[in-house]
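Below: the structure, in structure tokens.
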Protein chains: 2
Amino acid sequence: MKRKRTSKRKTTVTIHDVARAAGTSPSTVSRVLTGSANVSAAKREAVLEAIQAVGYAPNLLARGLKTQLTYSLGLILNDIQSPFFSAAAKGAQDCAMQRGYAILLCDTGEEPAAQKRCLEMLRAKQVDGVIFAPTTGAAMILDSFLQAGTHFVQIDRQVEGLPISSVVVNDDQASYEAVHHLIANGYRRIAILTSELSVTTHDRRLGGFKRALSEAGLALPDSFVLRGRTSSSDGYRLAHKALSYSRRPDALFVTSSRLGVGALRAIRDARLRVRDDIGIVIFDDIPAFALMHPSITAVRQPAYEIGWKAAEIIIESLESEEPPPPQQVVLPAELVIRESSVPRR
Amino acid sequence: MKRKRTSKRKTTVTIHDVARAAGTSPSTVSRVLTGSANVSAAKREAVLEAIQAVGYAPNLLARGLKTQLTYSLGLILNDIQSPFFSAAAKGAQDCAMQRGYAILLCDTGEEPAAQKRCLEMLRAKQVDGVIFAPTTGAAMILDSFLQAGTHFVQIDRQVEGLPISSVVVNDDQASYEAVHHLIANGYRRIAILTSELSVTTHDRRLGGFKRALSEAGLALPDSFVLRGRTSSSDGYRLAHKALSYSRRPDALFVTSSRLGVGALRAIRDARLRVRDDIGIVIFDDIPAFALMHPSITAVRQPAYEIGWKAAEIIIESLESEEPPPPQQVVLPAELVIRESSVPRR
DNA sequence: CTGTTAGCGCCTTCAT
DNA sequence: ATGAAGGCGCTAACAG
């Protein structure tokens, strides 16, 4: 962790150098930089030229130290490789960039310990705000940060009962509709593949699933609720198990695309035909689902918009005089009906 | 862009507070924090306790201003949503995190202007180094940064002729092998779908393609080299065009997964059968390719390793006394043979 | 081993 | 409109 300074810093050019080159004082240079006060057109010109001449670039560390504002936002995700989170990251990045903020990226891999380390690091870096998808154990860590006045907004998941803004989708309702759609298409023995993680996302999707079933008067054997971790191999394992039941399900509702990909592989390996032997709807759409034979019905989430909106909320709250009260934004997820849930004939 | 300070900062606790609580001086606190010098066990204890008691968290801005070291790395990508880049991002993030560095994420969307803005922002933030996938126009912008002593490493693409480290795959050879494989499986009229962007990646893939063809004594009509942008709709358009030729190709080599996804859709819409009517190999593998019917042969890139290695190179060079000379790392991409390139019969 | 001193680069009163 | 002075929080000599 130790490191020596190399000769790198000889080239450090500061507002002093600019001032000297422009024949004025550092304060004046600072004023044209921030635009905070009036300076005569002549001086301003001189300064601007001097900046070019000496190749000056501002040092945001120094500025931040002085102003207590860093114009950077933390972004804590569980898996940047998932299409959902990478789209959200892009949305947040684009919005932040446009408003002059930078994004510090953290990937927790769903590890509470990593989540804690990320939060601490972000605090030490003095980020102005944090966008994050909480994983288990977030609540207790968060307290101290809220007291420190850090602005937060949660995405995808929610830690309930905390006065924090959030941007999520209508997990319950969208799941309800997806399952309702399966039922309407004649499927009766529907199993759910979901995560054992206690995050709101999966809980609510399970909730919508159950609601649709009970509303239709359909039974739900305990064995039809299959829980695992979130990798695609877990999806494989879960689906494999479900398909091995003597009375196996005739349809699957899967609460994440990763699990879904694994489940599809299991179906294939079991030599079962998607749609004819087993219907399937997956929560969270990925481009590949449209390409498959048969194509896969999925619930599309506005991931990019979620990320964008989260950044927007944070920046607004940062830049307003009175920090606005926490807001809960719920964006609609959309059922994209393809072939895997619609039997022929 | 203007913003008032809120009442947030009342809670700022510094090493002074710690010092007071521990009955010692700020320097001693600093010493236990950095471990730079010996302090008596008693004092150290007192300081450690005081830190807990007053809820102190270090301010890395201030430290960085003093030490000229920020322990943060810039990461400039063209599209975080692409599986390749998001895997690379994760690799870089994991390595950086492990070594105590943070990652500042920038997404250029392949825009030279955005690339420039990102670079400037990163410089202003005083990052210790930058990992980046250059897009067109990178060369000229880079110069000034190299002089400023910023450490760089390129991934995926290369700006040639600059003394910068890079981590790439063996684009030429892997492409050669992929096309050779198509030829060995009886395909003869092979077209390539690639990008019009002049980045080394696509150029080299085209190079390997041509090499395999000429070595086999196969002709390459100009119309069989199709170039577009990089979206999947471009892939669709290009493939659609190729398939409409009176003497259409019997196989496609596609130089990116995005283009490939579009091409597959075009094949499907044209009611052609992958493999039997038209063979296909795609450079850059994504999980979905394994799931399709028939499954898609692809060139798998070690994206995570590329990101990891890039971070490692930068950190090593940062932490070594003598900055080591730039190194060019070439990781092997692997041809994953599935069904789309292997005719039955 | 420990406290004091002097900045890192910048912004911001305060005088002028 | 402009310059001088002080300090953001921290570390690194320098003394003792």
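All values below were derived from every heavy atom in this structure, side-chain atoms included, with hydrogens, water molecules and symmetry-related copies excluded. Just so we're on the same page: letters track the sequence lines, and every chain starts at 1. Because the structure is a prediction, the values reported are computed rather than measured.
- Following rounding to the nearest Å, B:His16 (NE2) and C:dT4 (C1') show an atom-to-atom distance of 11 Å.
- The nearest whole Å value for the distance from the CG atom in A:Leu61 to the C1' atom in C:dC11 is 15 Å.
- For the pairing with A:Phe152, the side chain to side chain contact (heavy atoms under 4.5 Å, CB included) check across A:Leu119, A:Ile131, A:Leu162 returns one residue only, A:Leu119.
- For DNA chain C, the residues of residues 38-52 of chain B within the heavy-atom distance limit of 4.0 Å (strictly under) are B:Asn38, B:Val39, B:Ser40, B:Lys43, sorted by number.
- The side chain of B:Ala62 has D:dC10 as its nearest neighbour among C:dC11, D:dC10, C:dG9.
- If you measure from atom CG of A:Leu60 to atom C1' of C:dC10, you get 10 Å, rounded to the nearest angstrom.
- The residues B:Glu316 and B:Arg99 are annotated as salt-bridged, a charged nitrogen and a carboxylate oxygen being separated by less than 4.0 angstrom.
- If you take CZ of B:Arg31 and P of C:dT4, they are 11 Å apart, rounded to a whole angstrom.
- Residues A:Pro324 and A:Ser320 approach most closely at CD-OG, 3.2 Å, considering heavy atoms.
- Salt-bridge annotation for A:Glu120 and A:Arg117: absent, with no side-chain N of the basic residue lying under 4.0 Å from a carboxylate O of the acidic one.
- Neither OP1 nor OP2 of C:dG9 sits under 4.0 Å from any side-chain N or O of A:Thr14.
- A distance of 6.5 Å separates OG in B:Ser165 from CD in B:Gln328, rounded to the nearest 0.5 Å.
- Atoms CG (B:Leu69) and C1' (C:dC8) sit 13 Å apart, rounded to a whole Å.
- Of the listed residues (B:Ile15, B:Val18, B:Asp17), just one forms a side chain to side chain contact (heavy atoms under 4.5 Å, CB included) with B:Pro26, and that residue is B:Ile15.
- Contact annotation: B:Thr28 reaches the phosphate of C:dG3 (side-chain N/O to OP1 or OP2, under 4.0 Å).
- A straight line from CD1 of A:Ile15 to P of D:dA5 spans 15 Å, rounded to a whole angstrom.
- Taking a cutoff of 4.0 Å between a charged side-chain nitrogen and a carboxylate oxygen, A:Glu110 and A:Arg157 qualify as a salt bridge.
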Next item on the list: Kindly indicate, with the supporting measurements, whether the criterion salt bridge (charged side-chain N to carboxylate O under 4.0 Å, His left out) is fulfilled by A:Arg44 and A:Glu49.
Entry: CA-CA 9 Å; A:Arg44 151 166 286 115; A:Glu49 276 174 30; over 6 Å; no
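- Listed candidates were D:dT2, C:dC8, D:dG7. Nearest to the side chain of B:Lys66 is C:dC8.
- The rotation axes computed at either terminus of the helix from C:dC1-D:dG16 to C:dT16-D:dA1 lie 40° apart, taking five pairs at each end and rounding to 10 degrees.
- Of the candidates B:Ile51, B:Thr28, B:Val47, B:Ile51 is the only one forming a side chain to side chain contact (heavy atoms under 4.5 Å, CB included) with B:Leu33.
- At a threshold of 4.5 Å between non-hydrogen side-chain atoms, the residues A:Ile306 and A:Leu331 count as touching.
- You'll find that the side chain of A:Gln68 is closest to D:dG9, out of C:dT13, D:dG9, C:dG9.
- Contact check of residues 17-27 of chain A against DNA chain D (heavy atom, cut-off under 4.0 Å) returns A:Thr24, A:Ser25, A:Ser27.
- The CD1 atom of B:Ile80 sits 11.0 Å away from the OG1 atom of B:Thr108 when rounded to the nearest 0.5 Å.
- With C:dT12, D:dG9, D:dA12 as the candidates, the nucleotide lying closest to the side chain of A:Leu65 is D:dG9.
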Check: side chain to side chain donor-acceptor pair (under 3.5 Å) between B:Gln158 and B:Ser166: does it pass, once the steps are laid out?
Finding: CA-CA 7 Å; B:Gln158 282 178 294; B:Ser166 60; 2.8 Å; yes
